Each structure stands twice: as C-alpha cells, then as structure tokens.
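This report concerns only the one structure given below.
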Amino acid sequence: MIRLSQSWVLYLLIFGIAPLLLSVRSYIWGREGYAFLNRTNIEVVKGFSMLLIIFQSLCDRLVNQNLFTISISRSGILGVTLFLFICGFEAMTQYMNNRRYLRGFIFHQVIRIVCVFLVCNFLGALVNISMGGHDSLKGMLYQTVSFHFSDRTSAWLIGALLYFYIAFYLSYRTKFKMNLLLSFSVIYIGISLAARWNFSIAFCFLVGVFVAKYKKYLFRLIREYLLGLFISSLVSFSGIYLLYLRGFTFISPLVPYIFLILVLCILMKLQCRSRVFAMIGYAATELYLVHELLLILVLGYSETRSSGFLLLFLILAMVGALLLKNVSCRMFLVPKQYHVQK
C-alpha cells in the first residue's frame with residue numbers, strides 16, 4: 001500500500017484549487033432562468049464526482065488521519081453516487097437519441113473498459129516486478145477478474161459500472177426495459193454483499209436512467225416546488241450525512257438518494273462551465289483506471305512520500321486518462337458522437 005505524508009499541498013488541492021476551478025465561468029441563473037441537466041452540467045458534475053473518488057483514494061493513504069481527511073475519505077460515496085447516476089443518465093440519453101446505440105454498446109463500452117483495465121494492471125505488475133515484487137501473469141489476471149488494482153486495492157467501482165452497463169444492455173434489448181433494469185439493481189445488492197462492494201449505490205444508475213427518460217416532467221415538478229424541495233433535501237441530507245460521518249453506517253443506504261435530490265435542485269439554478277472539470281468528466285472512467293498505476297509510478301510502491309508529489313501525479317493522471325480515452329475509442333471504433341468532447 002502506498003502511503004502519503006500529510007502536507008499543505010493536499011489540503012490546498014482539495015479546499016482551494018479544486019473549488020476555484022469548479023467556480024470558473026460558472027454562474028447562478030436569475031429568477032426566470034434554469035439550467036438543470038444540460039450537457040455542460042452533466043460533464044462538469046461527472047468530473048466533480050471523479051475528483052471526489054480520487055481524493056478519497058488519496059486521503060485513505062495518508063499516514064496520519066484527522067477529522068478533515070476522514071470526512072473527505074468517507075465522501076467517496078457521494079462521488080460514486082454522482083458517477084453512476086451520470087453514467088446511467090448518459091446511457092439512456094444516447095439510447096433515446098439513437099436506438100441503434102445498443103448495437104455496439106458491449107464492444108464500445110464494456111469490452112473497451114475491461115481491456116483498458118487489463119492494460120493498466122499489466123503495467124502495474126511490470127512496475128511491481130521492477131521494484132522487486134513477485135507478480136505473475138496469472139496473478140495479474142486474477143486481480144483483474146476479481147476487480148482489484150495491481151497493488152491489490154479494490155477496484156469495485158469498475159465491477160459495478162460494468163455490471164450496470166451489461167444490465168442496461170440486456171434490459172433495453174427486451175420489451176421489459178426499465179422494469180428489468182430494476183430487477184438487475186435489486187440483484188446487485190446480493191452481489192455487492194457477497195463481494196464486499198458498496199451496496200447502498202444499487203439504484204443510482206437506475207435513477208440516472210429514470211431521470212433521463214422523464215427529464216421534462218421532473219424539470220417541471222422540481223421547478224414548481226424548488227424552494228421546498230431544496231430546503232427539505234438540504235436539511236435531511238445534512239442531518240443524515242453528519243450521522244454517517246459520525247459512524248452510523250446503518251443509514252448509508254439513504255445518503256445517495258437524498259444527495260441526488262439535493263444535487264438536482266442545485267442544478268436547476270447552477271450553470272457549471274468549468275472546462276477543467278468538463279475535461280475530467282470526459283475521461284472520468286479512464287482517470288479512475290490509471291490513478292492507481294500512476295500512484296505507484298510517481299510515489300513509489302512501498303515508501304512514504306510527501307504529498308508534494310501529488311502535483312506531478314495529477315498532471316500525469318489527466319494526461320494519461322485523456323490519452324487512454326482517445327486511443328481506446330479509436331481502437332474500438334467508438335462513433336465520434338459518443339465520445340468526442342464538445
């Protein structure tokens with residue numbers, strides 16, 4: 001396990017640079033203006049969700065934990081919630097725009113992600129061997145199939161994402177569609193408990209699909225009751241999330257869905273236009289896949305390093321993620337309208 005020493009750089013990234021970049025060019029609509037789930041908001045929120053997940057991964061590696069880093073570490077559930085919600089929303093939106101979208105879905109999405117994951121774990125195994133480790137091809141394949149990174153930390157988010165992509169494909173190839181997807185979401189709870197994944201996000205992808213399908217109706221509903229929904233969801237989320245941070249994990253199944261209601265209310269008025277976060281959202285899955293490999297490369301495999309190295313890590317991670325995104329989309333012949341950033 002890679003360990004980080006605490007320094008001002010990590011806190012500056014989380015509490016200073018990231019919020020500043022998120023606010024750049026963003027604005028709040030006036031009384032008669034609304035943003036909601038337009039394309040720019042979706043890309044930025046997806047980028048924001050992945051940064052929450054990456055920051056959780058970094059905070060988990062701090063040598064000396066404190067109240068702030070523990071809170072950030074536990075906020076990973078919010079990042080996963082938003083990420084799976086956006087993935088479901090995007091998949092349904094593409095399907096509604098073009099019913100032929102499913103024809104190459106498994107090849108363009110599922111197999112592509114699996115191959116990128118396999119390549120990252122293979123490179124991680126090579127790095128480990130070069131540093132005196134004893135990884136083997138068989139071990140690397142086992143880590144990939146069991147959804148672990150090359151340093152044996154869990155990559156359950158990839159397993160969950162692939163599961164829901166396959167579930168979406170199977171569901172919308174039949175006449176049962178969302179009802180079947182609901183069944184797959186229920187089945188995921190059992191799978192997650194057996195595999196020790198997070199079961200509380202079982203319905204986040206489904207909610208994203210639902211919101212995409214009924215976007216116009218939900219927009220009217222939220223617009224009419226915006227103030228009441230915002231206040232009630234804010235108060236409910238604040239109370240439940242505070243209890244969750246204090247260790248009352250039995251309420252964790254409530255956190256993702258109250259959080260999504262709050263986010264939908266906020267996005268009614270908030271127009272996000274951060275190009276940096278949109279770029280992160282564009283290659284969010286690839287960023288998650290390469291971040292563990294780059295932690296090994298930049299920070300060393302078993303040494304404690306200053307978090308000043310995080311600057312180099314973040315730059316390489318973003319460049320590597322964009323490269324992987326573009327190369328893999330070209331190799332797997334993903335149509336440009338499904339992956340070109342606008």
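The model shown is predicted, which means the values in this text are computed figures rather than measured ones.
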How far apart are the closest heavy atoms of [X] and [Y], and which atoms are they?
X      : Y      : answer
Ile77  : Ser252 : CD1-O, 4.2 Å
Leu270 : Ala35  : O-CB, 3.5 Å
Pro256 : Thr81  : CB-OG1, 3.2 Å
Gly88  : Val209 : O-CG2, 3.5 Å
Cys265 : Leu226 : O-CD1, 3.7 Å
Cys87  : Phe205 : C-CE1, 3.7 Å

May I ask you to decide if the ring planes of [X] and [Y] are parallel, tilted or perpendicular, using 30° and 60° as cut-offs?
X      : Y      : result
Tyr34  : Phe219 : perpendicular
Tyr165 : Phe105 : perpendicular
Tyr214 : Tyr217 : tilted

Return yes if some donor-acceptor pair links the side-chain N/O of [X] with the main-chain N/O of [Y] below 3.5 Å, else return no.
X      : Y      : result
Ser274 : Phe277 : yes
Ser49  : Lys46  : yes
Asn41  : Gln271 : no
Thr153 : Phe149 : no
Thr144 : Met140 : yes
Arg74  : Leu245 : yes
Ser26  : Arg273 : yes
Asn121 : Ser150 : yes

Verify the cluster assignment for [X] and [Y]: are they in a single hydrophobic cluster under the rule of side-chain heavy atoms below 4.5 Å apart?
X      : Y      : result
Leu180 : Val186 : yes
Val319 : Leu123 : no
Ile201 : Ile261 : no
Leu102 : Met96  : yes
Met318 : Val327 : yes

Close side-chain approach of [X] and [Y], heavy atoms under 4.5 Å:
X      : Y      : answer
Leu82  : Leu260 : yes
Leu322 : Tyr282 : yes
Leu157 : Leu84  : yes
Leu118 : Leu141 : yes
Ile86  : Glu90  : yes
Leu206 : Phe168 : no
Met331 : Cys115 : no
Val24  : Val276 : no

| message | Trp156 vs Arg196, test: side chain to side chain contact (heavy atoms under 4.5 Å, CB included). Steps then yes/no. | response | CA-CA 9 Å; Trp156 72 268; Arg196 297 184 179 180; over 6 Å; no
For the [atom1] atom of [X] and the [atom2] atom of [Y], what is their distance to the nearest 0.5 Å?
X      : Y      : atom1 : atom2 : result
Arg103 : Arg173 : CZ    : CZ    : 8.5 Å
Phe230 : Lys269 : CZ    : NZ    : 12.5 Å
Ile251 : Tyr241 : CD1   : OH    : 11.0 Å
Tyr142 : Arg152 : OH    : CZ    : 10.5 Å
Leu264 : Leu229 : CG    : CG    : 9.5 Å
Leu262 : Ser236 : CG    : OG    : 9.5 Å

Proximity of [X] and [Y] rings by center, below 6.0 Å:
X      : Y      : value
His291 : Tyr288 : yes
Tyr188 : Tyr163 : yes
Trp29  : Tyr27  : yes
Phe184 : Phe164 : no

| query | Which residue pairs satisfy the salt bridge (charged side-chain N to carboxylate O under 4.0 Å, His left out) criterion with at least one member in residues 278-290, sequence neighbours excluded? | reply |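 Found Arg112-Glu286.
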| message | Pair Asn179, Ser183 - check side chain to side chain contact (heavy atoms under 4.5 Å, CB included), show working. | response | CA-CA 7 Å; Asn179 290 331; Ser183 300; 5.9 Å; no
| Chi angles and distances behind the side chain to side chain contact (heavy atoms under 4.5 Å, CB included) call for Leu181, Phe176 | CA-CA 8 Å; Leu181 185 58; Phe176 302 106; over 6 Å; no
| request: Sort and list the pairs that fulfil ring-ring contact (aromatic ring centres under 6.0 Å, His included) and have at least one residue in residues 246-265, not counting sequence neighbours. | output: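 Qualifying pairs: Phe237-Phe259.
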Residue [X] excluded, over 12 heavy atoms near [atom1] under 6.0 Å:
X      : atom1 : value
Ile28  : CD1   : no
Phe107 : CZ    : yes
Phe48  : CZ    : no
Phe332 : CZ    : yes

| query | Quick one: ring pair (Phe, Tyr, Trp, His ring centres under 6.0 Å) partners of Tyr95, sequence neighbours excluded? | reply |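 With neighbours one apart ignored, the set is Tyr172.
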| said: I'd like to know if Glu43 pairs up with Arg39 as an ion pair, taking the criterion as any Lys NZ or Arg NE/NH1/NH2 lying under 4.0 Å from an Asp or Glu carboxylate oxygen. | reply: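 A salt bridge is present here (some side-chain N lies under 4.0 Å from a carboxylate O).
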| message | Pairing donors with acceptors under 3.5 angstrom, does anything connect the side chains of Asn198 and Ser200? | response |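 Checked: Asn198/Ser200 side chains pair up, N/O donor to acceptor below 3.5 Å.
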| task | Check the pair Tyr169 / Val110 against side chain to side chain contact (heavy atoms under 4.5 Å, CB included), numbers first and verdict last. | result | CA-CA 10 Å; Tyr169 174 80; Val110 177; over 6 Å; no
